[in-house]
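Structure, as structure tokens:
This chain uses plain numbering: 1 for the first residue, then up along the sequence.
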Amino acid sequence: MSETERVSGIDVKMLELLSCPLTKGPLTWDAERCELVSRVARLAYPVRDGIPVLLPSEARSIDASESIPPARE
């Protein structure tokens, strides 16, 4: 797989298919923290060894003062 098809270990095509399990909305990749972020639910799901862990019980709540990565286009 080429470098353009991957975003820090995450397959871009897979990222386009994933959605937040709570809101069913899109997820945004936060490369700095290696997390998938649901802007609507204000939750950040971890990615461990390149595998997204989309369990609400594993998600981190995003504080109101914390910046959220911009939505993907």
What one should report as the nearest heavy-atom pair of Cys20 and Leu27 is N-CG, 3.8 Å
Output yes when a side-chain donor or acceptor of Arg42 lies under 3.5 Å from a complementary backbone atom of Asp63, and no otherwise. yes
Sequence neighbours left out, what passes side chain to side chain contact (heavy atoms under 4.5 Å, CB included) with Arg33? Give chain and number order. Asp30, Glu35, Arg60, Glu66
Would you say that Leu43 contacts Thr23 through its side chain, given a criterion of any heavy-atom pair below 4.5 Å between the two side chains? no
So which pairs with a foot in residues 19-28 pass salt bridge (Lys or Arg N to Asp or Glu O under 4.0 Å), sequence neighbours left out? none
Identify every side-chain donor-acceptor pair in residues 45-55 under 3.5 Å, counting partners at least two apart or on other chains, and give the distances.
from  : atom 1 : to    : atom 2 : distance (Å)
Arg48 : NH1    : Glu58 : OE1    : 3.3
Arg48 : NH2    : Glu58 : OE1    : 2.9

Quick one: do Leu15 and Leu36 satisfy side chain to side chain contact (heavy atoms under 4.5 Å, CB included)? Show the steps, please. CA-CA 9 Å; Leu15 181 58; Leu36 291 169; 3.2 Å; yes
